[in-house]
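Keep in mind it's a predicted model, so treat the numbers as computed, not measured. Within every chain, numbering begins at 1; the chains are lettered A, B, ... in the order of the sequence lines, protein sequences first and strands thereafter.
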Amino acid sequence: MKRYNPQEIEAKWQKVWDDTKAFEVDEKSSKLKSYIAEMFPYPSGYGLHVGHVRNFMIVDAIARFYRQLGHNVMRPFGYDTFGLPAENYAIKTGLPPQETTLTNINHFREQFKRMGMAVDWSREINTSDPEYYRWTQWIFTRLYEKGLAYQAENLQWWCPHDKTVLANEQVEGGKCWRCGNEVKKKRMKQWFFKITAYADELLDEIDNLDWPEKIKTMQRNWIGRSQGAEIKFVVKNTMREISVFTTRPDTIFGATFMVLAPEHPLINELVNSKTRAAVNNYCETAMRKTEVERQENREKTGVFTGSYAINPATGEEIPIWVADYVLSTYGEGAIMAVPAHDERDYEFATKFSLPIKEVVKPHFIDSVNTPIDGKEWKERRACIAIVHDPKTDKYLCVEWLKQPWTAFVIGGMEPEDDGDIIKTAEREVHEETGYRNLKFKQVLPGEVVVEFYAQHKGINRRALYNGVLFELVDDERDELSADEEATQRAVWLNYDQIMNEPRMTGFKDQILYLERALGQNLVWTGEGDMINSGQFDGMESAEASEEIVAWLEEQGVGKSKVTYRMRDWLISRQRYWGCPIPIAYDAAGKAHLIPNDQLPVLLPKITDYQPDDSGRSALAKDKDWLKVTIDGEEMTRETDTMDGYACSSWYLLRYADPQNVEEAWSKSKVDYWNPVDFYVGGDHAVAHLLYVRFWCKFFADEGLLSFREPVKRLLYNGYINAPDGKKMSKSKGNVIDPIDIIDQGYGADALRTYELFIGPYELDAAWDPRGIGGVYRFLNRAWTVVQEYLEANEKGGDDSAALMRAQHSAVKRVTEDMYRNSFNTAVAALMEYVNELYKLKLDGFNPQWQEALEVLVKLLAPFAPHLACELFEQLGHEERIEDAGWPEWDDKYLVADEVELVVQVNGKVRAKIMMAADELENETVVLEIAKGQENVQAFINGKQIIKTIYVKKNRLVNIVVK
RNA sequence: GGGCGAGUGGCGGAAUCGGUAUACGCGACAGACUUAAAAUCUGUUGGUCUAAACAACCUUGCGGGUUCAAGUCCCGCCUCGCCUACCA
């Protein structure tokens, strides 16, 4: 028998695919189109490792599956080649990145082909190819003409190691995403793309994306829209105004000081001779700090400027401070500080003894806590209050109903008492014993007096309501006596006992109120009723928010405003190896676009790639290149290059029309192929995936596209880590090379199948060097079962229902799993199918086995395409398996003659009975048989059968007895 | 601090609608073949109890709840992971 030899058959079929251009497609097809792509890789000099390649495997399995289903599948590939590693390599070796990049691409392509990828190689893209980047530059000019590419001087993230600025998205925890060194702020004139112009659409459209929730949340957080107000504060004795942004305009009456970020431009004008030195000193120190240093020390610091502002709501003078807890980059770089309702302001106010003024009083929460008595009580909104006895400094827990103002004593417990606080309440309420008789009378708005009913009369206690302690009315006794019905289980607890009582853990909000009332925690950041706020007193804070903004607007000192956390996209890079920005400056320093007929602006070949601190890229050293003539005027070129993310923001469109020299893409081709049906990757959750969406919307506005979202479905795959669970990396030396695995004899098919079998695609997994052996064994068994069939020379026996069932069940399972991207269970189903074929024992040549094996091979093709092609050919087909279709199943073959009935008594399995399938139809008979079982009898004998449940579809009987 | 996930055998994991928990694979153990090893094939493999089997009981992070029935639904908690972080 011929042995399974992956090396041999893989080389054979890879050559066939290459020679016949097996996966090249065009848009002249009546089939349904599917466009399936991975996030294209950066072709590093190290090549691929098994961690990288998983998303290629996923894409390939999906692409081959849809191809077999009869779709017109485009599965392109490309390389994201601009970027630092190639340039750093050039600095080190002097080899031009243009050359090393091509070497790397060739290496990648080689590796890629050895994995048997079903790629349309006519669509290969390389972003550093001038034929590609001329269009990146052309897009820049379109953005520039629409005012969406602009220059601004600002403080920017600067990586002192890589000598370039970075976008916010590229600063990770205060460090450069490439080299890991701490970044600094540097004031520079830089190019931006105005992504914020699309902030609302980018945010709102997230809801409609068929993307993983995780990514959608990250994008929402990144965009970070806050609805609030911009309010102007006049600086006392000047005409100056300071604008602040706040999401809580309702708290303006509580604004007792202002704080400016150290970078705030007005600071110089606010200081006086006494404060100038200290303020300057503080600002300089703050601005020298790196992001990491600022994060490390959260202790509030700050200095008083010497100036005062007028609170537009109260007319009061409030001091203006400078502190680094206010960020220059968010909102207006200045805040109105409301220490009573903002924890940071509170901290600051406490530290510097600034006034704290409460303006929002929390009202009773109506969140439902623990249900007291099942459903009935769930409907009623209740919560826990804690009654404080000032004389003994102890507390009583009270269950509190919102309407009417009654409450139940539910608590109070001895520390030793293991009766549950909730249980107690349940029992008492349930039994209607009548001591739910704490009664609360509302005497003033928001205030309540608590009266005890008969049993409780005469107790002087105070109740906590609306976060305030109230006296109970009577004052006769200090202690509750044990024989008093209502309180026989109630014991006064002191504060610490309550806080440490594990059964109080559900009452977080109540504890918060308690803390507040006791002065332990004075900051209330939630909603509530307005106090100390003039005409707004008594209003709900949410309502007051709108009213106050309207009121401020009338006086021209405020307006409602939306602020985003997302900033514009900084795209200048002071590096050589990137797409040149198509701009030149005239003698006056004014920027001009390089005209379209002078594109592309080619990257010149240079010899000294070393960047420096000048803030200009190494391109500045090429004096000839710098000179350019536009409309007869001599100008100097921009030396910055574009962020690599610019190049990758439109490649998904270029794949549809990669050879076009007339335009970036032809609209008709893109309209045919795009948007992408499946986009697969495990990185770039915000940056790339946000930029792609941004540009798509811009192109749509320009009439270049007829859709506004570029990616229909995103699969975000997990990583494959090293066997020790750590990320694979060259520096850690734990890299596993896929080509090594292939060459060890396992072959590409085993590698592919294993990477999909290892676990759900969206979760991380650790590479198990033994795991691939199991998959290889499985493929080997598939091979063997076909060989045995081919070598059988006798005519076989009758049709076997078991074989039909195995076949149709495998088709159903694999197909359904493929549709829901559950690749690991699809492989498991295939393994079971092969195991069954083994067990069924081939009895010779017959058409049924032929079909069963052809089905196996077709199902196998997305995972192990070489093996599938080879076996398909061996089974006598000249037709290529990609075009041989996807098998279908018929449910009628899935029904077995004999089925297993499960009999439960009180939900526990007591017997399993084999019975004829048609017997299931008659419920009476089924129940009869079920009850007749010996082991079932043992559990129902002498007991009363309350009811029986028969679930036919699950072949299950449950007998309930008492 | 905030947000989002996850928690099931020795391990990776399965259970799609609430209906037989532990599919499939790895590992381990036993056997066949072999001079031997590898490869291959055939069994066994959650725990307690047991010499073994049957039966019983326990078991999906913990505590409650709903249900005839809960890994799955509800409430509360714990742990781990990822993201984010002085965003006003």
Side-chain angles (χ1 to χ4, degrees), chain A residues 3 173 212-218 220-222 224 226 228 244-248 251 259 294-295 298 300 323-327 329-338 341-345 347-348 368-371 374-375 378 420 422-423 502-503 505-508 563-566 685-686 718 754 757-760 762-775 777-778 780-781 784 813 816-817 820 822 824-832 835 838 900-912 935 938 946-949 951 953-961:
Chain A
R3 290 197 56 177
E213 221 34 60
K214 180 176 133 187
I215 309 300
K216 289 169 47 162
T217 310
M218 280 167 79
R220 284 192 193 101
N221 292 344
W222 185 262
S226 311
V244 302
F245 175 74
T246 177
T247 53
R248 291 294 301 271
T251 62
V259 186
R294 277 205 194 185
Q295 273 170 20
R298 288 275 178 117
K300 294 281 174 294
D324 66 1
Y325 81 92
V326 173
L327 307 177
T329 47
Y330 185 76
E332 304 292 324
I335 60 158
M336 64 176 209
V338 185
H341 304 291
D342 182 284
E343 283 178 32
R344 296 152 300 177
D345 297 344
E347 230 181 287
F348 195 80
V368 177
N369 291 290
T370 316
K375 283 175 190 162
K378 254 186 195 168
D420 191 294
I422 306 303
K423 281 272 157 65
R503 285 168 296 192
T505 47
F507 309 142
K508 273 188 185 155
T563 294
Y564 302 90
R565 207 193 80 112
M566 181 172 70
V686 277
Y754 176 58
F757 180 62
I758 195 167
E762 71 270 24
L763 299 183
D764 287 357
W767 180 267
D768 180 352
R770 291 174 302 204
I772 193 163
V775 171
R777 273 194 284 279
F778 152 64
N780 200 5
R781 282 159 69 86
T784 306
R813 287 175 63 191
E816 287 176 351
D817 286 349
R820 63 189 179 104
S822 182
N824 54 332
T825 54
V827 175
L830 279 166
M831 287 171 165
E832 284 181 65
N835 289 346
Y838 257 67
E900 190 183 60
L901 179 78
V902 175
V903 186
Q904 298 180 332
V905 178
N906 285 348
K908 291 199 167 166
V909 179
R910 297 302 178 190
K912 295 178 180 182
N935 200 40
I946 298 168
K947 64 167 150 178
T948 50
I949 286 118
V951 190
K953 112 185 123 82
N954 298 100
R955 303 175 305 278
L956 179 136
V957 170
N958 191 9
I959 302 165
V960 186
V961 297

Identify each atom pair where a protein N or O and an N or O of nucleotides 57-59 of chain B are less than 3.5 Å apart, giving names and distance.
residue : atom : partner   : partner atom : Å
C57(B)  : OP1  : Arg910(A) : NH2          : 3.1
C57(B)  : OP2  : Arg910(A) : NH1          : 2.8
C58(B)  : OP2  : Lys908(A) : NZ           : 3.1

Which residue lies more 5' along RNA chain B, comparing Gly773(A) with Tyr564(A) via nearest heavy atoms: Gly773(A)

Summary of protein contacts for nucleotides 12-20 of chain B, nucleotide by nucleotide, where a base hit scores B, a sugar-phosphate-only hit scores S (4.0 Å, heavy atoms): BSSSB--BB

Ile215(A) CD1 to C82(B) P, straight-line distance once rounded to whole Å: 15 Å

Contact under 4.0 Å: Arg565(A) side-chain N or O vs A85(B) OP1/OP2: yes

With sequence neighbours excluded, residues passing side chain to side chain contact (heavy atoms under 4.5 Å, CB included) with Arg781(A): Val834(A), Asn835(A), Tyr838(A)

Pair of N/O donor and acceptor under 3.5 Å linking C82(B) base with Lys214(A) side chain: no

Counterpart residues, ring pair (Phe, Tyr, Trp, His ring centres under 6.0 Å), relative to Phe778(A) (two or more places apart): none

Any residue meeting salt bridge (charged side-chain N to carboxylate O under 4.0 Å, His left out) with Asp817(A), in chain and number order, not counting sequence neighbours: Arg820(A)

Set of residues satisfying salt bridge (charged side-chain N to carboxylate O under 4.0 Å, His left out) with respect to Glu816(A), sequence neighbours excluded: Lys812(A)

Sugar-phosphate only, base, or nothing, as touched by Gly774(A) at under 4.0 Å among non-hydrogen atoms: sugar-phosphate

Arg3(A) vs Gly331(A), nearer the 5' end of RNA chain B by closest nucleotide: Arg3(A)

Where the chi angle of G7(B) falls, syn if within 90° of 0 and anti if not: anti

Proximity to the side chain of Arg770(A) - top-ranked nucleotide from U42(B), G3(B), C26(B): C26(B)

Test salt bridge (charged side-chain N to carboxylate O under 4.0 Å, His left out) applied to Arg565(A) - qualifying residues, sequence neighbours left out: none

Distance test, side-chain N/O of Ser226(A) to OP1/OP2 of A88(B), below 4.0 Å: yes

Contacts of type ring pair (Phe, Tyr, Trp, His ring centres under 6.0 Å), residue Tyr330(A), not counting sequence neighbours: none

Range-with-range stems for RNA chain B, at least three Watson-Crick or G-U pairs under 3.5 Å: B:1-7 with B:78-84, B:10-12 with B:24-26, B:27-32 with B:40-45, B:46-48 with B:56-58, B:61-65 with B:73-77

Those residues that, when tested against Asn954(A), pass side chain to side chain donor-acceptor pair (under 3.5 Å) (two or more places apart): none

Proximity to the side chain of Arg777(A) - top-ranked nucleotide from G27(B), A85(B), C24(B): G27(B)

Residue list, salt bridge (charged side-chain N to carboxylate O under 4.0 Å, His left out) with Arg3(A), at least two apart or on another chain: none

Sugar-phosphate only, base, or nothing, as touched by Asn935(A) at under 4.0 Å among non-hydrogen atoms: sugar-phosphate

Qualifying residues under ring pair (Phe, Tyr, Trp, His ring centres under 6.0 Å), relative to Trp222(A), sequence neighbours excluded: none

Distance in angstrom units between Ile772(A) CD1 and G27(B) C1', rounded: 17 Å

Neighbour count above 12 (heavy atom, 6.0 Å) for Glu900(A) CD: yes

